[in-house]
Peer 1: 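Sending over a structure as structure tokens; questions will come in a sec.
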Protein chains: 2
Amino acid sequence: MSSKPFSSVWLREPRKSAAAPGRSREEIVAAAVELLDQEGLSGLSMRKLGARLGAGATSLYWYVANKDELLELAYDQVWGEIIVPDPDDVGWRDAVSALAYGMRATILRHPWSADLIGRLPALGPNSMRVGDRIRRIFKAAGFQGLDIDFCGSTLTAYVFGMTIPEIAWRTSMGDKDIGQMRDTVREAAAAHPEMLEGVDTLADGDPDTVRRLSFDFGLVSLLDGLERRRAS
Amino acid sequence: MSSKPFSSVWLREPRKSAAAPGRSREEIVAAAVELLDQEGLSGLSMRKLGARLGAGATSLYWYVANKDELLELAYDQVWGEIIVPDPDDVGWRDAVSALAYGMRATILRHPWSADLIGRLPALGPNSMRVGDRIRRIFKAAGFQGLDIDFCGSTLTAYVFGMTIPEIAWRTSMGDKDIGQMRDTVREAAAAHPEMLEGVDTLADGDPDTVRRLSFDFGLVSLLDGLERRRAS
DNA sequence: ACCTGAACACCGTTCAAGT
DNA sequence: ACCTGAACACCGTTCAAGT
């Protein structure tokens with residue numbers, strides 16, 4: 001396997017800092033998120049980030065053990081933007097829908113985060129907060145024991161699994177227009193009649209709305225399925 | 001954004017090759033998959049792969065335009081291992097379940113593929129074949145028009161969204177035992193009572209079987225939800 | 001306590017040169 | 001037609017040295 005055993009920023013004691021330190025971790029993370037938003041995951045290098053902060057490339061290692069830790073920090077920042085509705089206010093189905101759409105929107109706002117989902121440990125305070133509130137929703141819906149967790153995993157799996165490729169399509173589209181893109185896929189699908197039919201069916205609509213329809217279709221199906229479980 | 005507009009190996013004319021060329025693309029891809037299986041995505045470099053083939057690092061560029069193309073090729077190889085059951089033999093629900101479990105098993109066998117899912121274009125013949133047959137299943141189930149595609153997207157989103165983090169856990173566990181891991185997560189979750197409860201509930205069972213239960217829970221829910229859609 | 005630059009061990013890719 | 005090595009422009013990270 002590729003990755004090191006296990007480690008996380010959130011499990012180390014942070015460095016004690018004096019009253020007025022030169023730079024702060026918050027400042028660095030904010031700059032990192034900015035750079036990531038602008039140039040994507042591959043656009044972030046320690047040297048570039050250092051330069052952006054008017055510092056030597058290696059100064060950052062005072063605040064952060066390595067690049068992975070920095071990414072963990074930036075990643076948790078994204079989770080901080082997700083608002084999880086209260087099931088007492090809107091009922092569990094509406095709460096779950098709003099949450100799902102909110103997660104999707106947040107990821108689309110920070111496309112680079114899709115590259116980290118499920119790959120980086122999510123142990124930061126913001127992801128913990130979201131996880132905590134997701135459990136509350138499914139508890140309020142009436143689920144118990146392991147099922148509470150299973151519901152949460154199922155929901156996030158769906159949202160992530162749907163959004164990750166969506167981002168890939170959006171970014172890889174680049175400047176190409178829809179017609180060009182369809183021809184591209186048609187060519188690749190040439191030997192597969194079902195796929196060709198699929199491409200042609202999808203090609204009618206505006207890609208953005210088709211994606212939203214698709215997201216909604218799966219979400220509603222999932223909610224129906226969970227509801228059935230809950231009742232039994 | 002980070003990535004280049006759009007390009008894929010599958011959209012270029014392959015190089016004409018003489019009767020007995022020095023190396024073949026197949027040989028290179030096979031070696032790449034082997035290296036990826038052994039050392040993960042970060043373990044594959046053009047230099048290492050070249051060395052493994054007893055060639056200079058840059059010889060590979062004769063057969064492949066760049067590393068991304070090589071990954072596309074290797075990725076499609078993985079799709080080639082997925083077998084999609086025929087709905088005429090087993091009925092659509094069983095066909096979908098078997099497919100879902102098969103996809104999961106294939107990804108677990110090649111953990112590096114999880115790092116490429118949804119990030120790399122999947123336009124190769126093997127992924128097209130799988131897509132084609134997935135559409136056949138949902139057509140056989142009675143879905144029509146856009147819904148056929150929506151069903152397919154929903155299913156793959158679920159399987160991928162569930163399996164990607166599963167791999168991250170497996171690899172990051174490394175040599176750590178379960179108790180250690182649970183303490184780690186407990187520490188991170190300290191401030192969130194719901195999460196703590198979740199950790200404790202999950203901690204009872206063997207991780208592998210809990211993951212399988214979780215996968216099955218979501219899959220059955222999803223199937224129930226789709227069935228409801230189909231009926232309406 | 002914080003920051004620096006040089007240095008190490010890597011990358012992917014290009015390209016002129018070889019056979 | 002195929003392969004090579006040198007070279008370029010990058011990486012993340014370590015570490016002795018500075019203030």
Peer 1: So what does B:Ala57 hit on the nucleic acid, given a heavy-atom distance under 4.0 Å: a base, only sugar-phosphate, or nothing?
Peer 2: nothing
Peer 1: Look at B:Trp62 and D:dC3 and indicate whether a side-chain polar atom (N or O) is within less than 4.0 Å of OP1 or OP2.
Peer 2: no
Peer 1: Is there a Watson-Crick or G-U wobble partner for D:dC15 with both distances under 3.5 Å, and if so, which one is it?
Peer 2: C:dG5
Peer 1: Is there a side chain to side chain donor-acceptor pair (under 3.5 Å) between A:Gln77 and A:His110? Walk through the geometry before answering.
Peer 2: CA-CA 10 Å; A:Gln77 197 94 328; A:His110 304 288; over 6 Å; no
Peer 1: Under 4.0 Å: is that the gap between some side-chain N or O of A:Tyr61 and OP1 or OP2 of C:dT4?
Peer 2: no
Peer 1: So that I can tick it off, tell me whether B:Arg211 and B:Glu166 are bridged by a salt bridge, with the cut-off set at under 4.0 angstrom between side-chain N and carboxylate O.
Peer 2: yes
Peer 1: May I ask you to verify if any side-chain N or O of A:Ser45 is less than 4.0 angstrom from the OP1 or OP2 atom of D:dC11?
Peer 2: yes
Peer 1: From C-beta outward on A:Ala55, which listed nucleotide comes closest to its side chain: C:dG12, C:dT4, D:dT13?
Peer 2: C:dT4
Peer 1: With a 4.0 Å cut-off on heavy atoms, is A:Leu44 in touch with a base, just the backbone sugar-phosphate, or nothing at all?
Peer 2: sugar-phosphate
Peer 1: For A:Lys48, is there an ion pair with A:Glu39 - N to carboxylate O distance below 4.0 angstrom?
Peer 2: yes
Peer 1: Find the distance A:Tyr63:OH to C:dC2:C1' and express it as a whole number of Å.
Peer 2: 6 Å
Peer 1: Tell me whether A:Asp208 is salt-bridged to A:Arg170, with the criterion being a basic N under 4.0 Å from an acidic carboxylate O.
Peer 2: yes
Peer 1: Should the side chain of B:Thr58 and the base of C:dG12 be counted as holding a donor-acceptor pair, with the cut-off at 3.5 Å?
Peer 2: no
Peer 1: Which of the following nucleotides, C:dT13, D:dT13, C:dT4, is nearest to the side chain of A:Ser59?
Peer 2: C:dT4
